[in-house]
Chemist: 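Quick one: the structure is below, questions incoming.
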Amino acid sequence: MATQMAHRDDDPPLHKSAQRMRWFIGAFEDQIARTSRETGTRYRVDQICLAEVFADWLKAFRAQKPANSADNPSYVGFAAGLMLKTLIRKKPVTVEALPEDADRSNPAYFWPEGYLYVAFCLNVRGLVIATDYHGEQHPGAELSDLRTWWTFRENTERDAGLAIAFLDLFAGEEPEWTMPEIFRSGRMRQVVGRFYTPEIGDPDGR
Amino acid sequence: MSRRDPQGALPGHGALPGLGTLAMPLRDLLRGVTSVAAAAEPSRLLPEPLRSRVHRVFESFGEAGTQFAQPHADHEDIRRAARFVEGTETEAAAAQACARVLVFALDRLRKTRPESGLPVSETLTAMRLQQVSPEARSDRPGAQMLATRPPPAWSEIAGHGGEEADLALFTVFAWLMAARAESLPAEERLLGLAFALTLALREEVLAGPLDRGDLSAKLHNLSRDL
């Protein structure tokens, strides 16, 4: 799922560029080319639908953008999840052809569109974290586990919002399964943990 | 005695001069004749003998006429048009470049979505653009867009309430306000992206009154997201 989305030192911060349509379309096309090369799958893209994905994502992104800049790094992961949710809901890509020897037990062929969307969102997420916040992304083993992908596909077809939690899982982070569509800032997570964790996690409550 | 056209280029021998070397009114005329002929021929819209005469005129232009009817703009025209919309260049030549780019861009949009086509005279557009002088510079793009809208009668002819024409004009102004691309092909691609984004946001673009301030704010927002 590796990518080489280019970013030069004199470019604006990547998380800013990624909020522009020209960057989004370029990066998505780049991902399609790479995934097609790696898997042999041919995809077809509805450009108008892809523009709608970007417009919908941008609205959702701005609606919960944190006021505190300290929350920006964690918002990157959430924003990538919002993108995955929007891609799964709008379905801008369809498969034209799979390679003859496609192994359906491989996530790339079990759900080729979902695989492409996850690859794109994970790659952008990892790139922004590395470039703008000097962090690292360590994808979890679930990324290549077919049972997880089966659950992922079935659940997100019913509720696309769960894609946000699944992307956290694939990215090696702790997913927020309850109300995944609501961003919780770092401070809010701590507050929530202080008040509720003892009662829920430890019945003896200390 | 050699004959020099108003823009300073000499027509070549044995071949018609490129459309870019003709004066604006001539370009408008040629586009008008070819488009009327093209529209009239399949639908037999015009009565005889007018239809046959228009057809003969159209035939006399042949492929060259069709080719010359294609609006043209280069990368520098686009940069200059952008400066005119922004208000950093305001002289008549910049208004003319802006009109040329508008006709060029609208033609590109019409090819991808025929219902967005609208009649635009390069000459009249340049004149109207020069007359636009809003009190606030921030209102300039919206005021320019309002000045270049087709007449209300166009809505009835087109049969779609003029919304498609508004979306196309909105796209072109938002594109001109965006950060410039590095080449003409990249500019054309950016124009296509602007159109896709405008269509994706069509309800928001068309919502509310057509007020120059409101329009300018919407144009600014969309151009920023491009």
Side-chain angles (χ1 to χ4, degrees), chain A residues 5-8 10-33 43-65 75 79 82-83 85-94 117 120 124 128 160, chain B residues 75 78-79 82 105 108-117 160 163-164 166-168 170-208 217-226:
Chain A
M5 293 166 187
H7 185 77
R8 295 188 302 267
D10 56 345
D11 286 342
L14 195 58
H15 67 279
K16 295 284 183 193
S17 299
Q19 294 170 47
R20 281 188 157 182
M21 191 180 181
R22 65 183 88 183
W23 191 93
F24 164 72
I25 298 286
F28 196 79
E29 287 177 348
D30 181 63
Q31 185 65 59
I32 289 176
Y43 294 99
R44 182 173 51 235
V45 186
D46 178 337
Q47 293 292 343
I48 296 293
C49 186
L50 195 57
E52 289 170 355
V53 166
F54 176 77
D56 285 2
W57 171 79
L58 201 57
K59 278 186 261 186
F61 172 89
R62 286 179 178 152
Q64 294 193 61
K65 198 173 178 183
Y75 200 64
L82 282 177
M83 174 57 74
K85 171 200 160 186
T86 315
L87 286 165
I88 287 173
R89 188 170 55 82
K90 301 287 289 188
K91 300 179 174 58
V93 170
T94 47
Y117 300 153
F120 173 68
V124 173
V128 174
Chain B
H75 199 205
I78 294 169
R79 289 177 182 277
R108 291 292 184 276
L109 300 186
R110 181 186 56 77
K111 283 174 179 159
T112 59
R113 191 174 162 92
E115 59 266 42
S116 69
H160 44 58
E163 289 181 351
E164 295 292 334
D166 281 340
L167 290 170
F170 186 92
T171 297
V172 177
F173 277 97
W175 165 63
L176 285 173
M177 292 167 69
R180 297 271 53 88
E182 68 279 6
S183 64
L184 185 59
E187 286 288 4
E188 291 193 52
R189 179 172 158 77
L190 188 62
L191 175 65
L193 294 183
F195 200 25
L197 189 56
T198 300
L199 294 176
L201 296 169
R202 72 177 289 150
E203 287 181 12
E204 289 161 46
V205 170
L206 295 171
K218 285 180 186 173
L219 285 165
H220 175 75
N221 288 341
L222 195 129
S223 67
R224 181 196 54 192
D225 295 341
L226 267 178

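Excluded from the calculations below are hydrogen atoms, water molecules and symmetry mates; all remaining heavy atoms, backbone and side chain alike, are included.
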Chemist: Not counting sequence neighbours, which residues clear side chain to side chain donor-acceptor pair (under 3.5 Å) with B:Arg202? List them please.
Modeler: B:Glu164

Chemist: Is it the side chain or the backbone of B:Leu199 that comes within 4.5 Å of chain A heavy atoms, both, or neither?
Modeler: side chain

Chemist: Does any backbone or side-chain atom of B:Leu190 lie under 4.5 Å from a heavy atom of chain A? Answer side chain, backbone, both or neither.
Modeler: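 Just its side chain gets close to chain A.
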
Chemist: Let me know if B:Arg189 has heavy atoms under 4.5 Å from chain A in its side chain, its backbone, both or neither.
Modeler: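 Just the side chain, heavy atoms under 4.5 Å.
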
Chemist: Indicate every side-chain donor-acceptor pair of residues 48-58 of chain A with a distance under 3.5 Å to a residue at least two apart or in another chain.
Modeler:
residue, atom, partner, partner atom, Å
A:Glu52, OE1, A:Lys90, NZ, 3.4
A:Asp56, OD2, A:Arg89, NH2, 3.4
A:Trp57, NE1, A:Ala79, O, 3.0

Chemist: Among B:Leu193, B:Leu222, B:Asp225, which one satisfies side chain to side chain contact (heavy atoms under 4.5 Å, CB included) with A:Met21?
Modeler: B:Leu193

Chemist: So A:Tyr75 and A:Phe61, would you call those rings parallel, tilted or perpendicular, with 30° and 60° as cut-offs?
Modeler: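 Judged by the thresholds at 30° and 60°, the geometry between A:Tyr75 and A:Phe61 is tilted.
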
Chemist: Using heavy-atom distances under 4.5 Å, tell me whether B:Ala194 contacts chain A through its side chain, its backbone, both, or neither.
Modeler: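 No part of it gets close to chain A.
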
